[in-house]
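To find a chain, count down the sequence lines: A is the first, B the second, and so on, and within it residues start at 1. Bear in mind the structure is a predicted one, so any value in this text is a computation, not a measurement.
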2 protein chains.
Amino acid sequence: MTVSLRERRRQQTAREIQLATLELAHQHELENVTTEEIAAAAGVSTRTFFNYFTNKEAAAVGAPPPFREEDKNALAAGTGALADDIKQFLDRHIEDLGKDDPIIKMMGRVIRSNEKASGILEGFLKMERDELTDCLCKRVQNRQTAASLAGATTSAIGRAIYLWNHEPDLSLGAALDMAWEGLLEASVLLTLPARD
Amino acid sequence: MTVSLRERRRQQTAREIQLATLELAHQHELENVTTEEIAAAAGVSTRTFFNYFTNKEAAAVGAPPPFREEDKNALAAGTGALADDIKQFLDRHIEDLGKDDPIIKMMGRVIRSNEKASGILEGFLKMERDELTDCLCKRVQNRQTAASLAGATTSAIGRAIYLWNHEPDLSLGAALDMAWEGLLEASVLLTLPARD
DNA sequence: CTAAAACTTTGCATGGTGTGCAATATTTGC
DNA sequence: GCAAATATTGCACACCATGCAAAGTTTTAG
């Protein structure tokens with residue numbers, strides 16, 4: 001077997017704790033929920049809760065799905081227009097995110113109302129941004145350019161999730177398309193010499 | 001007088017607490033410093049510390065200088081190329097930031113090693129981003145475009161501060177120029193139909 | 001100038017947070 | 001099965017953050 005029973009149980013417990021955290025946070029706001037309540041809801045001791053997550057905000061955020069190696073390689077080695085290759089990369093990643101649909105929706109609410117949680121997410125996003133910057137450095141020479149592209153790209157994901165959370169009838173993919181259009185139009189405007 | 005004695009003393013105390021926090025954090029890492037130590041170093045009681053800031057991370061971040069109303073108005077009403085008007089806006093803001101030079105340098109270190117602190121800063125930055133988005137909505141029709149521009153702009157500030165913190169011989173203004181160049185080049189690359 | 005109103009500082013009590021440690025229980029590889 | 005590795009748990013402890021009430025300071029107005 002590829003993963004041991006132990007490993008699977010660990011993942012399982014971590015997920016149960018995250019779900020318990022998000023559900024309680026959804027009902028009472030995370031700040032009004034104690035770690036004790038979360039642990040009880042997840043069926044573990046308080047101490048075990050802290051063996052999995054250092055605090056309830058980290059439990060709410062969990063471990064966001066990472067970029068796929070294959071997608072990163074495809075982006076770094078791509079030969080199409082840069083914008084198209086990045087968009088394809090984003091589409092693939094958004095697809096992965098969509099699989100955790102309910103978790104992400106609940107998380108969105110928590111993060112908008114909890115600074116500590118948003119800081120923890122920001123930490124993950126920063127790592128992703130750096131990862132993407134390194135990857136894009138293989139397509140563009142200047143590191144600042146790569147960093148700017150990576151920043152624009154990850155914040156498009158952020159805006160897409162925001163839109164999707166606030167517009168009930170929008171699919172995650174459609175929200176990404178809107179955010180992406182906005183990014184492309186912004187790029188055009190920034191390169192324009194004179195006003196509209 | 002424009003501000004009362006009370007108000008001036010409040011600002012003063014807040015600043016003393018922030019400085020005490022940053023100095024202690026600089027020596028021992030913020031997480032190893034207790035609120036009690038910070039309060040003692042700032043010459044106030046622990047309870048008073050909490051009357052000013054809800055936690056030590058907030059004390060480290062303090063209250064970042066806001067955008068100037070005049071600059072926002074100039075940007076919203078500007079008639080030059082959008083890129084030029086935004087750059088001018090940024091230059092003015094960076095000038096304000098430069099006035100708190102030592103504070104920002106110390107803060108940078110704290111924020112890079114403390115998730116809670118970076119979440120609090122992220123909260124301020126989000127407010128600035130939203131402010132800028134509203135402002136740019138007067139120059140561009142599509143809100144997603146404005147949001148994308150605002151995101152790219154504020155993250156250029158972030159990258160400039162990062163560069164300035166890591167390259168000893170770089171002025172804050174020069175760092176902004178580098179980050180800005182990166183953004184412009186990224187914009188060109190995103191609008192290019194085929195590969196370089 | 002003074003007295004009441006408004007606000008600030010402080011100590012104390014209290015309950016939640018997060019870690020180290022040691023005992024107990026479970027899984028794994030042999 | 002059994003020993004090694006890993007997980008879970010209770011307990012103790014230090015720190016964090018808030019409410020409250022008493023004491024002190026600044027402001028305002030007569």
Checklist outcome for this item: Using a 4.5 Å side-chain heavy-atom cut-off and chaining through intermediate ILVMFWY residues, the residues clustered with B:Y162 come out as none

Checklist outcome for this item: Bend of the helix from C:dC1-D:dG30 to C:dC30-D:dG1 from end-axis comparison, five pairs per end, nearest 10°, comes to 30°

Item to check | Value in whole Å for how far the P atom of C:dT27 lies from CZ of A:R8 | outcome: 12 Å

Checklist outcome for this item: Residue pairs meeting ring-ring contact (aromatic ring centres under 6.0 Å, His included), one or both in residues 64-96 of chain A, sequence neighbours left out, come to A:F67-A:F89, A:F67-A:H93

Checklist entry - Any luck finding a side-chain donor-acceptor pair between A:E7 and A:Q11 under 3.5 Å? => result yes

Checklist entry - Rounding to a whole Å, what distance do you find between B:E36:CD and D:dT18:P? => result 16 Å

Checklist entry - Which atoms form the tightest heavy-atom contact between B:A150 and B:L132, and what is the distance? => result CB-CB, 4.0 Å

Checklist outcome for this item: Correct closest heavy-atom pair for A:L172 and A:W164 would be N-CD1, 3.4 Å

Next on the checklist: For C:dT17 and B:K116 - does any side-chain N or O of the residue sit under 4.0 Å from the phosphate oxygens OP1/OP2?
Outcome noted: no

Next on the checklist: Output the rounded distance in Å from CD (A:E7) to P (C:dT28).
Outcome noted: 11 Å

Checklist entry - In whole angstroms, how far is the P atom of D:dT26 from the CD atom of B:Q11? => result 17 Å

Next on the checklist: Below 4.0 angstrom, which residues in residues 16-35 of chain A have at least one non-hydrogen atom near DNA chain C?
Outcome noted: A:V33, A:T34, A:T35

Checklist entry - Going 5' to 3' along nucleotides 7-15 of chain C, which nucleotides have protein heavy atoms under 4.0 Å from the base (write B), which only from the sugar-phosphate (write S), and which from neither (write -)? => result BSBBBB---

Item to check | B:F50 CZ - D:dC20 P separation (whole Å) | outcome: 17 Å

Next on the checklist: I want to check something: taking the side chain as every heavy atom from C-beta on, are A:F49 and A:K56 in contact at a cut-off of under 4.5 Å?
Outcome noted: yes

Item to check | Whole-Å distance separating the CZ atom of A:F53 from the C1' atom of D:dT8 | outcome: 16 Å

Next on the checklist: Within a 6.0 Å radius of atom CD on A:E131, are there more than 12 heavy atoms belonging to other residues, nucleotides or ligands?
Outcome noted: yes

Item to check | Close side-chain approach of A:N55 and A:I120, heavy atoms under 4.5 Å | outcome: yes

Checklist entry - Hey, is the main chain of A:G78 close enough, under 3.5 Å, to the side chain of A:R139 for a donor-acceptor pair? => result yes

Item to check | Set of side chain to side chain donor-acceptor pair (under 3.5 Å) partners for A:T48, sequence neighbours left out | outcome: A:S45

Item to check | Within 6.0 angstrom of B:E37 CD, more than 12 heavy atoms from elsewhere | outcome: yes

Checklist outcome for this item: Between CD1 of A:I38 and P of C:dG16 the distance, given in whole Å, is 13 Å

Checklist entry - In whole angstrom, what separates A:E57's CD from C:dG16's C1'? => result 12 Å

